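One structure is given here, and the rest of the page talks about it.
Note that the structure is a prediction, hence the values are computed from the model and not measured. No hydrogens, no waters, no symmetry mates; every other heavy atom, side chains included, goes into these values.
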Amino acid sequence: MKATLVLSAICTLTAILVSVEAEPKSKSCNEVKTAYGSKGFNLNDVPNQGVNGAHLKVCPQGFTCCTAQMEEKLSQQSRSDLKAPVSQLSSTLQSTFTQRNRHFDQFFRELLDNAERSLHDMFVRTYGQMYVKNAELFKRFFRELRRYYAAGAGAVDLDGMLADFWAELLERMFRLVNVQYEFSDAYMECVSRHTEQLRPFGDVPRKLRLQLTRAFVAARTFTRGLALLPDVVAKVSTVSASPGCARAAMKMLYCPYCSGQVALKPCQRYCINVLRGCLANQADLDSEWNNFLDAMLSLAERLEGPFNFESVMDPIDVKISDAIMNMQENSMQVSQKVFQGCGQPKPAMNFRSRRAVSEVGYTGRFRPYSPDARPTTAAGTSLDRLVTDVKKKLKHAKKFWSTLPETVCVGERVGPNDDCWNGTAKSRYESDLTDSGLANQVSNPDVEVDITKPDAVIRRQIMVLREMTSWLKAAHSGNDITTDNEVGSGGEESGSGCDSPSCQDIYFSTAAPIVPRLVKVAHKEPNSGAALLAIHGTTLAGLALALLIVHGR
């Protein structure tokens, strides 16, 4: 009996000693004090020893190192901490596409500048004073192209602008090659009415119209899409500030603090469920977001292929010069048709026909153009490289919103499966993962979400993405972003896209550069003062051009 009493006393004493040793360790709040202070809070808020947690509104109400004031401060901190990784990821996405938009826009604008400068230099060398006196026509042409790129059909009717350009060029050239006649305004109106039947510039205007329309529509729509991307991200990347989300954030991030386990991280599946609840509305954006990115990728393919802005603008000087040469070569036939349709014009009163050939001959040569030779702009790249780069970024951005919880809940933000915070204790998280999207949050075990109140801002952005996607698809078919009407009236000009190799015939490659040929003058009678000039085999056309300069002076 005595032995039994002695043994019982020893066991009791041992238990008391163990309890005395363990109690200071378990009840101490020193680690919490240090961690709390590292957040910038007042260390004096933290009790030295654990207290009863009956006052806590979110965390478990057993032993705790948190006062009611601490829980409120940590609750506010948890909202910021939950938003931080989402904000970081969203900011990176914004920055990526803001930069790409700037590069594309700068590149397209510089291609326009380079094309105008190249045409000017080439035409000054090739046509001399004939071009200089008519340079305003070409300046206006590029000015309108810039306006169309910047503002679309709402600012410039591209078809009408191009028609006016060729009509005015025809009028000026018709006067040049028929300088021996006088033409009234009414007569020139008659010439303009017959432009389509005359086809003085060959097939160049039609082909160039198709190329310019599709290239400009694709370029400006694509840059607009790139500009929209960061704007949408900025508007929808804010994590929900609802009471349910705030409570869930506190419970996940700082209730371990209150229990004295400052180094304990949330379980990954637990973290994902909390983020899916707090980002439920963003996940609903994902479907339209992915459709938009797919449309951007499809249009990027067009930019690499048949709607390549660079391959249209870089040789535009050669193409316009081809049209001018065609008019020069066929000026006699064109003039005869006009005279037949509009009547015989009156001879000019002050027509003079003598001028030295050296003053009117072409001295420049067309620069060769190779579609493989890409210009280097201040953007420091080519369209091919820009498109290749942005396609990778667009693909990487797909499913951004639906996978955002998984992207956030990785690495140091979460703990091992069996050594993590599950919302109530250090243990494995047993609940099932909730599917993404607002409607699915009715079964979320960790966040209270009102599924009857969709976020108005995000719903608006879904509509914005849907509208932009329709514009991108229209541009993919060659249609203007600001109108539902097709480019052209049918056939190959309908803007129906170019999915087969057979469509490639609407894009004409630049052949070997045409070098104006100046035929030597043959003076049969040295004192006669008559000069025979033949340019491109059209003697009268060349003579008329020469005489115009004399007449113009």
Side-chain angles (χ1 to χ4, degrees), residues 83-111 149-152 215-239 279 281-304 307-310 377-408 457-476 481:
K83 292 177 181 179
V86 174
S87 177
Q88 182 181 12
L89 291 166
S90 299
S91 295
T92 300
L93 191 64
Q94 281 181 260
S95 176
T96 294
F97 287 105
T98 297
Q99 186 182 55
R100 268 61 187 181
N101 174 58
R102 184 170 61 251
H103 285 170
F104 270 88
D105 183 61
Q106 180 184 15
F107 185 76
F108 289 141
R109 291 178 185 275
E110 288 183 358
L111 278 178
Y149 170 74
F216 268 79
V217 167
R220 69 180 307 273
T221 306
F222 193 77
T223 53
R224 185 165 179 173
L226 288 176
L228 179 67
L229 253 165
D231 186 59
V232 170
V233 173
K235 286 181 170 67
V236 305
S237 59
T238 302
V239 178
L279 296 172
N281 282 282
Q282 281 86 345
D284 285 342
L285 186 80
D286 218 44
S287 178
E288 285 302 330
W289 174 266
N290 292 335
N291 290 339
F292 164 73
L293 293 178
D294 284 337
M296 287 287 289
L297 286 165
S298 293
L299 190 56
E301 297 286 345
R302 285 289 203 241
L303 287 174
E304 286 181 312
F307 297 176
N308 191 304
F309 191 88
E310 187 174 12
T377 69
T381 186
S382 73
L383 184 59
D384 292 340
R385 288 191 288 272
L386 284 174
V387 172
T388 298
D389 169 69
V390 81
K391 283 168 63 178
K392 292 179 182 177
K393 304 301 181 184
L394 290 167
K395 291 174 182 177
H396 184 71
K398 291 190 69 174
K399 298 184 179 180
F400 176 81
W401 304 107
S402 61
T403 61
L404 192 52
E406 289 89 337
T407 306
V408 171
V457 173
I458 291 178
R459 298 297 146 171
R460 170 59 184 159
Q461 293 309 304
I462 289 174
M463 297 305 298
V464 168
L465 286 171
R466 187 172 299 162
E467 183 179 20
M468 189 69 218
T469 299
S470 68
W471 288 340
L472 290 164
K473 289 180 178 179
H476 185 271
I481 191 172

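- Here Phe108 contributes atom CZ and Phe222 contributes atom CZ; the two are 7.5 Å apart, rounded to the nearest 0.5 Å.
- Contacts classified as salt bridge (charged side-chain N to carboxylate O under 4.0 Å, His left out) and involving residues 461-475 (residues at least two apart or in different chains) are given here: Glu288-Arg466.
- At distances below 3.5 Å, at least one donor-acceptor pair connects side-chain atoms of Trp289 with backbone N or O atoms of Ala397.
- Contact check for Thr221 versus Met468: side-chain heavy atoms found under the 4.5 Å cut-off.
- When atom types are taken as modelled, the side chain of Ser95 and the backbone of Thr92 share no donor-acceptor pair closer than 3.5 angstrom.
- The ring-ring contact (aromatic ring centres under 6.0 Å, His included) search around Phe97 returns none, not counting sequence neighbours.
- Residues Gln282 and Trp401 approach most closely at O-CB, 3.3 Å, considering heavy atoms.
- Looking at Asn290, its side chain does come within 3.5 Å of a backbone N or O of Lys399 through a donor-acceptor pair.
- In terms of heavy atoms, Ala234 sits closest to Gln94 at CB-NE2, 3.4 Å.
- One finds the CG atom of Leu279 at 5.5 Å from the CG atom of Leu404 (value rounded to the nearest 0.5 Å).
- Phe307 is not listed as a side-chain neighbour of Val217, based on a closest heavy-atom distance of 4.5 Å or more.
- When all heavy atoms of Ser298 and His476 are compared, the pair lying nearest together is O-CD2, 3.5 Å.
- With values rounded to the nearest 0.5 angstrom, Lys391 atom NZ is found 14.0 Å from Leu293 atom CG.
- Other residues, nucleotides and ligands contribute more than 12 heavy atoms inside 6.0 Å of the CZ atom of Arg459.
- Looking only at side-chain heavy atoms (C-beta outward), Asp286 and Thr403 stay at 4.5 Å or farther from each other.
- For the pair Arg302 and Leu299, the minimum side-chain heavy-atom distance is below 4.5 Å.
- The backbone N or O of Leu383 lies less than 3.5 Å from no partner atom in the side chain of Glu304, so there is not a single donor-acceptor pair.
- When all heavy atoms of Ile458 and Leu285 are compared, the closest pair comes out as O-CD1, 4.1 Å.
- Considering every non-hydrogen atom in both Phe104 and Tyr149, the closest pair reads O-OH, 4.5 Å.
- A salt bridge does not link Arg385 to Asp389: none of the charged nitrogens lies less than 4.0 Å from a carboxylate oxygen.
- With values rounded to the nearest 0.5 angstrom, Leu226 atom CG is found 13.0 Å from Asp231 atom CG.
- Around the CD atom of Gln99, the shell of radius 6.0 Å holds more than 12 heavy atoms that belong to other residues, nucleotides or ligands.
- The nearest pair of heavy atoms linking Met296 to Leu394 is CB-CD1, 3.9 Å.
- Rounding to the nearest 0.5 Å gives a distance of 8.5 Å between CG of Leu228 and NZ of Lys235.
- Of the candidates Arg102, Glu110, Arg109, Glu110 is the only one forming a side chain to side chain donor-acceptor pair (under 3.5 Å) with Gln106.
- In this structure, CG in Leu93 is found 9.5 Å from OG in Ser237, a value given to the nearest 0.5 Å.
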